[in-house]
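Below you'll find the structure, written out as structure tokens, and then a few comments.
Since this is a predicted model, take the numbers as computed values, not measurements. The figures that follow rest on heavy atoms only: side chains count, while hydrogens, waters and symmetry mates do not.
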Amino acid sequence: MAESVELPHRLAILPFRNKVLLPGAIIRIRCTSPSSVKLVEQELWQREEKGLIGILPVRDATETTSVGPTLSPGVGTDSGEGSSKIHLGTSDSHKFDGKNQQEFIHWHTRGVAARALHLSRGVEKPSGRVTYMVVLEGLCRFSVQELSTRGTYYTARIAPADMTKAAFSLPTQECRFALQRIICNGSATPPALERDPNYGGSGWLVEGGGEGRTRPEQVPGAHLSSSRGDQTSSSREMEQVEHDPDFMVLSRQFKATAMELISLLEQKQKTGARTKVLLETVPVHKLADIFVASFEISFEEQLSMLDSVDVKVRISKATELVDRHLQSIRVAEKITQKVEGQLSKTQKEFFLRQQMRAIKEELGDNDDDEDDVTALERKMESAGMPPDIWKHAQRELRRLKKMQPQQPGYSSSRVYLELLADLPWQKASEELELDLRAARDRLDSDHYGLVKVKQRIIEYLAVRKLKPEARGPVLCFVGPPGVGKTSLASSIAAALGRKFIRISLGGVKDEADIRGHRRTYIGSMPGRLIDGLKVRVAICNPVMLLDEIDKTGSDVRGDPASALLEVLDPEQNKTFNDHYLNVPFDLSKVVFVATANRVQPIPPALLDRMEVIELPGYTPEEKLRIAMRHLIPRVLDQHGLNAEYLQIPEAMVKLVIQRYTREAGVRNLERNLASLARAAAVRVAEQEHSLPLTKDVHHIGSPLLESRLADGGEVEMEVIPMGVSNHEISSAFRVTSPFVVDEATLEKVLGPPRYDDKETAERVSTPGVSVGLVWTAFGGEVQFVEATAMVGKGDLHLTGQLGDVIKESAQIALTWVRSRAAELKLTSTEGMNLLEGRDVHIHFPAGAVPKDGPSAGVTLVTSLVSLFSQRKVRADTAMTGEMTLRGLVLPVGGIKDKVLAAHRYGIKRVILPERNLKDLVEVPSAVLGNLEVIYYLLSGWKTCWNTLLKGVALGDSTQSYDMTSTGITLTDFWWGSTCVYFPT
């Protein structure tokens with residue numbers, strides 16, 4: 001029979017601080033405080049097997065989390081669902097562990113009845129204090145209805161809270177011990193040993209000796225009973241729940257998860273399947289408490305499980321906790337297996353390498369890693385490193401020798417040492433004795449024109465000849481694309497007899513491209529400078545071209561332009577520090593040359609370290625000479641042709657320049673010439689050169705030969721020796737009619753002309769249109785400005801993707817014209833509003849191109865005066881200059897490029913500010929000979945409005961004169977402070 005354990009209506013309460021005892025769980029505690037000792041002695045020790053106590057969780061008052069309503073001692077609550085928090089006032093505070101201060105604690109209103117399975121009493125020496133070691137077994141849940149004190153400990157009036165069957169027996173101790181033992185062995189810390197619940201210290205307590213009693217387990221279990229009415233109602237409720245479909249599904253799910261956990265733990269601990277057999281005899285709702293009590297979970301989760309009176313809620317929470325415990329064990333097992341696998345693999349590799357080394361020693365084979373390291377050491381010794389760097393390399397080498405090849409850092413250390421060994425620390429190319437005459441001839445043969453640039457290079461080479469160790473300036477060639485900046489740097493290297501290396505900086509945004517990555521990063525590498533010296537030239541004194549230095553960017557990875565400050569500074573680059581190299585490297589022997597399209601994007605600090613040499617665009621005459629001397633021979637060679645197959649007359653090249661290209665450089669010109677060469681290559685390749693080879697006769701035939709034979713003419717036969725190449729055979733066969741390019745061929749191959757001289761005249765055919773000169777990164781350009789008037793409210797509309805500066809220039813131009821409308825004879829009376837009842841719209845064509853700058857002020861004024869006076873501007877005149885509100889014309893930049901652009905577009909007259917007259921010295925005389933340059937005077941607002949109406953002027957008379965000092969014919973017309981041409 002089952003032993004009947006009757007649950008009384010009042011129990012002595014043993015508080016558990018931040019700990020919960022669940023039904024079916026077994027826990028061992030040591031009681032040392034006076035209140036706990038008194039309770040155990042009176043309620044358990046003296047009553048022996050019949051003793052029962054209540055375990056009630058309590059929470060420290062300092063914790064902020066509340067778990068329910070509060071109760072004061074002696075105040076009752078309902079015994080329904082929910083939990084309560086009992087608050088003790090200062091007048092009735094409970095002292096824990098002999099502390100002097102009074103503490104507030106919060107009592108949970110739901111606890112667990114427990115009985116003692118084992119009691120042992122001991123006496124501490126030399127204090128003589130009595131202590132108890134108690135093994136408690138949780139029986140069932142109860143709700144606290146009233147809390148009161150009995151001496152030094154508390155008692156409570158309780159009511160049962162669990163639903164149980166009338167004949168239900170608790171699971172055996174053997175089953176619970178077996179389950180708790182297997183789960184705890186899978187955990188980090190067993191929960192079976194607890195300290196005194198009223199003990200305020202820390203650490204686990206050890207059982208001491210003394211007198212003891214153990215409850216004998218003579219029957220399979222114990223039967224819990226209360227009053228007959230409560231028992232009948234609880235039993236009926238439990239039977240209804242067991243037949244609930246949701247309960248059945250939850251029960252099956254919990255059992256499956258629990259059995260999976262037990263199987264995993266038994267397999268891990270290599271025990272039998274006895275535990276699963278024992279679990280078959282335990283009801284599911286009791287099994288849930290036993291499992292959860294064996295886990296290390298938080299106090300809040302324990303309280304939640306204790307408050308789960310509804311068995312379906314309890315099983316659902318238990319399933320979640322068991323599944324979480326199962327997943328954590330699987331993850332830990334997976335990590336353990338992975339670590340053990342890696343260790344076993346490393347040990348296996350080490351064992352095999354040792355065996356391989358022993359076998360090689362027996363065979364006398366010395367080709368192993370040690371020999372490679374020895375060869376690396378010899379290579380490092382011959383590298384010529386400075387003494388301090390050699391010491392650093394020796395430390396790294398000793399570290400490498402101590403490492404195994406399979407270690408993670410072995411390969412990175414070896415690559416680093418190989419870099420140190422391969423760098424040209426002392427290796428330099430032998431410089432030839434500088435011959436300035438030969439250098440000048442080389443520059444003249446490679447580049448046409450650029451007299452000032454070539455003269456500066458000769459001066460640079462002359463200084464190097466007189467003082468080779470001199471730290472000359474860093475030359476920076478600035479100009480539009482296709483003007484020969486890169487080839488000039490190559491010519492400098494050839495003149496010096498040094499190797500040439502080009503490093504493109506266009507689009508570089510990472511500082512590590514210059515300084516390298518630190519070796520702590522995965523995939524780190526040296527910067528482009530160190531890598532280029534090691535791999536591409538292997539000397540320490542090359543000519544290094546930093547191409548497109550104006551196109552570097554910056555982001556979160558750093559600013560490459562700032563890193564270049566150290567590279568280009570002669571006082572710093574002798575100790576250049578690459579992050580990957582991590583030792584100083586001398587770059588002072590490197591000759592640096594930079595190229596850029598514009599100066600503006602280059603930071604001022606970096607620009608200060610370079611000498612800027614501007615390369616303007618070529619004139620049409622210079623392009624013609626460059627094409628005849630350089631481009632055509634190169635294009636023919638690239639396409640396998642020669643002058644016998646293709647002939648491009650000089651007149652056709654001039655037409656290509658005028659009609660198909662308008663650029664500062666010659667790249668588009670070369671592309672067009674390449675198109676003509678491809679057309680000639682097709683014509684030559686389509687000629688049927690049949691070369692049938694027989695054993696005895698070697699015949700060469702062609703359509704030309706066959707036609708001559710058919711006509712009965714004499715044919716010169718040329719014997720070609722055997723063994724010559726196909727190229728020699730094709731060269732030996734001479735075509736009598738080469739492909740000569742004419743104007744029809746140009747239109748057939750290159751298409752219709754893209755540009756003509758009538759474009760400007762057509763676009764300036766109506767009033768309100770003027771021609772301006774602008775500067776771009778690709779050289780000078782011609783910009784048209786169109787103005788029109790319409791009915792409106794006097795507003796100004798601007799279009800053409802304009803910047804703020806050019807918008808302000810347009811507003812200034814309109815204001816100036818309105819203020820002087822009467823003097824310019826644009827209105828009939830003084831004070832008349834020029835914009836009365838109309839709006840003005842100014843447009844800059846090529847709307848997809850952004851435009852900004854102040855140099856369009858004069859062009860805007862001209863366009864507005866032309867619009868309001870209804871007089872057309874001369875089509876052969878272009879202008880530039882900044883206009884002020886008082887009518888003064890200020891100088892602008894890029895005069896040489898703008899004048900060359902006007903010359904390319906066929907413009908005959910150019911209007912410039914007076915203070916820009918000095919800039920015309922840089923313009924080639926051949927260009928100035930075809931232009932009439934007119935300049936603005938700045939002596940007041942009524943100084944220089946040049947009108948050309950073929951005898952009809954808007955203002956005062958005109959006058960012209962010749963400046964023989966400059967050789968430039970200048971014409972000066974007085975009116976306003978700008979110069980405009982108006983034809984009839």
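In summary, the side chains of N672 and S675 do not present any donor paired with an acceptor at a separation below 3.5 Å, with no hydrogens or angles considered. Checking T661 against N668 by side-chain atom types alone, no donor-acceptor pair falls below 3.5 Å. Judged by distance alone, the side chains of E663 and Y618 never bring a donor and an acceptor atom under 3.5 Å apart.
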Which atom pairs, donor and acceptor, lie under 3.5 Å between side-chain atoms of residues 458-466 and protein residues at least two apart or in another chain?
unit_1 : atom_1 : unit_2 : atom_2 : d
R464   : NH1    : A470   : O      : 3.1
K465   : NZ     : L434   : O      : 3.2

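Across all their heavy atoms, N541 and S429 have their closest contact at OD1-N, 3.1 Å. Across all non-hydrogen atoms, the minimal contact from V635 to A677 is CG1-CB, 3.4 Å.
R598 has no carboxylate O lying under 4.0 Å from a charged side-chain N of D550, or vice versa, which leaves the two without a salt bridge. A salt bridge links D446 with R442: the distance from a Lys NZ or Arg NE/NH1/NH2 to an Asp or Glu carboxylate oxygen falls below 4.0 Å. Under 4.0 Å is where a charged nitrogen must lie from a carboxylate oxygen, and between K896 and E614 no such pair does.
Contacts classified as side chain to side chain donor-acceptor pair (under 3.5 Å) and involving residues 560-569 (residues at least two apart or in different chains) are given here: R515-E566, D559-S562, D569-Q572, D569-R609. Every pair passing salt bridge (charged side-chain N to carboxylate O under 4.0 Å, His left out) that includes a residue from residues 619-631 is listed here, sequence neighbours excluded: R625-E650.
Note that CG of D586 is 12.0 Å distant from CG of L423, once rounded to the nearest 0.5 Å.
Residues satisfying the ring pair (Phe, Tyr, Trp, His ring centres under 6.0 Å) criterion with F576, sequence neighbours excluded, are absent altogether. Under the ring pair (Phe, Tyr, Trp, His ring centres under 6.0 Å) criterion, W425 pairs with F585, not counting sequence neighbours. The side chain to side chain donor-acceptor pair (under 3.5 Å) check on D852 picks up nothing, with sequence neighbours excluded.
Within 6.0 Å of NZ on K499 lie more than 12 heavy atoms contributed by other residues, nucleotides or ligands. Remark: R667 CZ is loosely packed, at most 12 non-hydrogen atoms of other residues, nucleotides or ligands lying under 6.0 Å away. Residue K427 places its NZ atom among 12 or fewer non-hydrogen atoms of other residues, nucleotides or ligands, all under 6.0 Å distant.
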- [ ] Take T619 and H903 through the test side chain to side chain donor-acceptor pair (under 3.5 Å) and record every step on the way to the result.
- [x] CA-CA 8 Å; T619 64; H903 183 62; over 6 Å; no
Open item on the list: Is there a side chain to side chain contact (heavy atoms under 4.5 Å, CB included) between L746 and Y660? Walk through the geometry before answering.
Closed with: CA-CA 10 Å; L746 288 181; Y660 294 94; 4.3 Å; yes
Open item on the list: Determine whether M610 and L568 satisfy the following criterion, side chain to side chain contact (heavy atoms under 4.5 Å, CB included), listing intermediate values before the conclusion.
Closed with: CA-CA 8 Å; M610 300 183 294; L568 301 181; 3.9 Å; yes
